[in-house]
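All residue numbers in this chain count up from 1 along the given sequence.
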Amino acid sequence: MEKRWVLTSNCNDDTVKKLAEQLNIDQSLSQILVQRNVCDFDQAKYFFRPELDHLHNPFLMKDMDLAIERIEKALTTHEKILIYGDYDVDGTTSVALAFSFFSQLTENIEYYIPDRYLEGYGISTAGIDYASNNGFSLIIALDCGIKSIDKIEYANSLGIDFIICDHHLPGDELPKAVAVLDPKRSDCEYPFKELAGCGIGFKLAQAYAQKHHLPKETYLQYLDLVMVSIAADIVPVVGENRILAYYGLRKLNTNPCEGLRALMEVSGKTENYTITDVVFTLGPRINAAGRIDHAKHAVAMLLCQADGNSSEQSELINLKNTERKTYDQDITREALALIGDSEVLINRKTTVVFNENWHKGVIGIVASRLTEKYYRPTIVLTKSNGHVAGSCRSVVGFDLYEALSGCADLLDQYGGHKFAAGLTMQEQNVLAFADKFEQIVSDSITEELLTPMIKIDAEIDLAQIDGKFHRVLAQMGPFGPENMAPIFVTHGVYLDRAAMAVGANHLKINIKQQNSPIFECIAFGLAEFQNLLQPKVPFSVCYTIEENVWRDKKRLQLNIKGIKIKEQG
C-alpha cells in the first residue's frame, strides 16, 4: 500500500538559525530540535545531557506522603504486604521492582499476578480473597486499580488496605484506597504525567529511600526494569521518561539485572540495545509468559539473583515466546485467508474477524498485523469463558474508543483508548456488531486516514550526512513515542549499482547525489522496487540514518522507509 509522505511543517527560521549557531550544528538538525520544543541553548543542554538530578521530587505526587506513612506503619508492625500487578510487561516489571525494593526492608512480603484467563485484567476478587485468606493487610497495586472502585471497597470490608500506583486515566470517582498515586489525577500537580506503571513504582521506592536517607543505589539499581516498561508500554520518551530510559539503557547495556541478562543471552542479542530492540526482543518474551501460561513466570525470572536459576527461567520464557509465535503466525494466516476469501470483508473500511478457536493471548498481536496489512480499524474476536472477547486496533488519527461507544448496546463491556481497546459481547451479537461498527466507521473516517503516513522531519542532501551529523543525531535518543528517530527525505538520488533483493521481501541499494559520498541502504519490505529503479533515473527516498556495525567496523547506513520514482510524481 502506497504511503503518504508528510513533511513536518517548518518552524521559526530565526530560532532555528540561532540554535544552530549556538550549538555549532547543521541547521537541519537544529530544525528538528525546534520542532521537538528544544528552542534554546539551555533547553538543548537539558535535552542532550539527561541527568538523574533532573528527576522530580516524588513527594510532588498527590498522596505520596500517605503511601509512605502506610508502608512505614506496615514495616514497623510487621504486617504482611502483597505486591499486586498486571500480567503485561509494565505490570510484571512493576511487581519485580517493588517486591525487590521492599524485600530489602522486610521478609513479610509476597507478590501476586492475576491469571489472564481466569481473573482478567486489574484487581480481582480472587486476588483479594488470596490476600485475606493468607493474612495480608496491605496490598500495593501497580499498573492497575485506578477504576477498581468496587474491588477496593470489598478489600476494605475485609480489613485490607490498598495503595494504588497506576498511570491510566481515572474515572469520575477514585477508589477509596489509603493512597492513590496517579499523575493523571485531576488534582495531582506532579510535573510529568506520562510515567509508566513501573515508573510510579520507581517513584514510590525513590520517595521511601529519600525520606529514610537510604543510598540512591537502593532504587537506582532498578532503572533497567523501568526502561523495559517504558519501551514495552509505548509511553512517550520525553521528559522524565527520557531520563529514566537513558540511564536504564545504560544499565541494561553494562550491568543488567540477572533475569534480564539471562533473557538477553537466550534471545541471541547481548549488547548495544536500543528502545526499539527492547520493544521487539525483550518485551515480547516477557509478555509471552502471561499470554501463553502465567505471568508469574516472568516475575520469577526478573527476580533471579546471580546464583539463582536465571538460565532455566529465561529458557522457559523463551519457550513460551516460541509457542506464542506459532499461535501468532497460524492465526494471522487464518485471519488473512478469511479476509482474502470474502469480497465483503476486502471492500470494507473496517476489519472484524471471528474464530472461536483462536488463542485469546495473541489476538491483540494479530489485530496489529492485520492493521499493518490493510490499514483500517481492526477487531479480532475469539471465544473465551463463555463469551466473545475482542482486541481492537486503530489507525493514526481515528478514535477507536468513540466508534466502540456507538456500538455499546451490542457489547457487554469495553475499554481502552483511541488506538487500542478490548471488548466482550455475546456470540449472537457478533454479526450485528460487525455491521454496526462498519457503518459507524464508514460515516466518520476519511480516505486520508485510511492511507498510511510517513512523517518526515526534514529535507536534506546526502552531502550533509557525515560523522558529526550522525553523532549529534544519536544524542537525540533514546528514541520512542514523541521523540522518534528523525526521518529525512532526499530528492534526486541515483543508483550507484543495480538494486539487489535480499531476504523475503527486502532491498539493498547504494545511492548517491552529485558531490555526495555513496551510501549503502537497506529497504525492508520494498523489494517491489528492484526492477523499477534504473541507472540515471532520479528518485526520492525517505529514511532514518543508522550506524551499522559489522566485524567491529562501523559505517553509516540509510534505512529506507519509502521510495518514489520521479515519473510517478
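- Between the side chains of Tyr246 and Arg242, no donor-acceptor pair is found at a separation under 3.5 Å.
- At least one donor-acceptor pair closer than 3.5 Å links the side chain of Ser229 to the backbone N or O of Val226.
- Asp233 contributes no side-chain N or O that, together with a main-chain N or O of Val235, makes up a donor-acceptor pair within less than 3.5 Å.
- Considering only heavy atoms from C-beta on, Tyr222 stays 4.5 Å or farther from Cys257 through its side chain.
- Salt bridge annotation for Asp53-Lys216: present, with a cationic side-chain nitrogen under 4.0 angstrom from a carboxylate oxygen.
- Remark: the Thr274 side chain and the Asp277 side chain contain an N/O donor-acceptor pair separated by less than 3.5 Å.
- Looking only at distances, a side-chain donor or acceptor of Asn385 sits under 3.5 Å from a matching main-chain atom of Tyr117.
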Mind listing the side-chain donor-acceptor pairs of residues 356-365 below 3.5 Å, one per line with the distance, residues two or more places apart or on another chain?
from: Trp358; atom 1: NE1; to: Glu334; atom 2: OE1; distance (Å): 2.7
from: His359; atom 1: ND1; to: Gly361; atom 2: N; distance (Å): 2.9

Given the rule in the ring pair (Phe, Tyr, Trp, His ring centres under 6.0 Å) test, do Tyr46 and His54 qualify, once you have shown the distances and angles that lead to the verdict? CA-CA 9 Å; Tyr46 187 96; His54 294 160; 4.3 Å; yes
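- Between Asp328 and Lys325, no side-chain nitrogen of the basic residue sits less than 4.0 Å from a carboxylate oxygen of the acidic one, so the salt-bridge criterion is not met.
- The CG atom of Leu181 sits 7.0 Å away from atom CD1 of Ile200, with the distance rounded to the nearest 0.5 Å.
- Among residue pairs with one or both ends in residues 58-68, those qualifying as side chain to side chain donor-acceptor pair (under 3.5 Å) are Asp63-Arg185; sequence neighbours excluded.
- With salt bridges taken as basic N to acidic carboxylate O contacts below 4.0 Å, one links Glu265 and Arg261.
- The local environment of CD in Gln475 is crowded, with over 12 non-hydrogen atoms from other residues, nucleotides or ligands closer than 6.0 Å.
- Salt bridge present: Glu79 and Arg70 bring a charged side-chain N and a carboxylate O closer than 4.0 Å.
- Note: Asp293 CG to Lys320 NZ = 4.0 Å, rounded to the nearest 0.5 Å.
- Glu315 contributes no side-chain N or O that, together with a main-chain N or O of Ser311, makes up a donor-acceptor pair within less than 3.5 Å.
- Ring geometry for Phe136 against Tyr130 counts as parallel: the plane angle stays under 30°, on a 0 to 90° scale with 60° as the upper cut.
- Interatomic distance, Glu258 CD to Asn309 CG, rounded to the nearest 0.5 Å: 10.0 Å.
- With respect to Lys184 and Glu194, a salt bridge is recorded, a charged nitrogen being found less than 4.0 Å from a carboxylate O.
- Applying the side chain to side chain donor-acceptor pair (under 3.5 Å) rule to pairs touching residues 89-101 yields Asp90-His167, sequence neighbours excluded.
- Note: His297 and His294 have perpendicular aromatic rings, judged against thresholds of 30 and 60 degrees for the angle between ring planes.
- Aromatic ring centroids of Tyr414 and Tyr401 lie under 6.0 Å apart.
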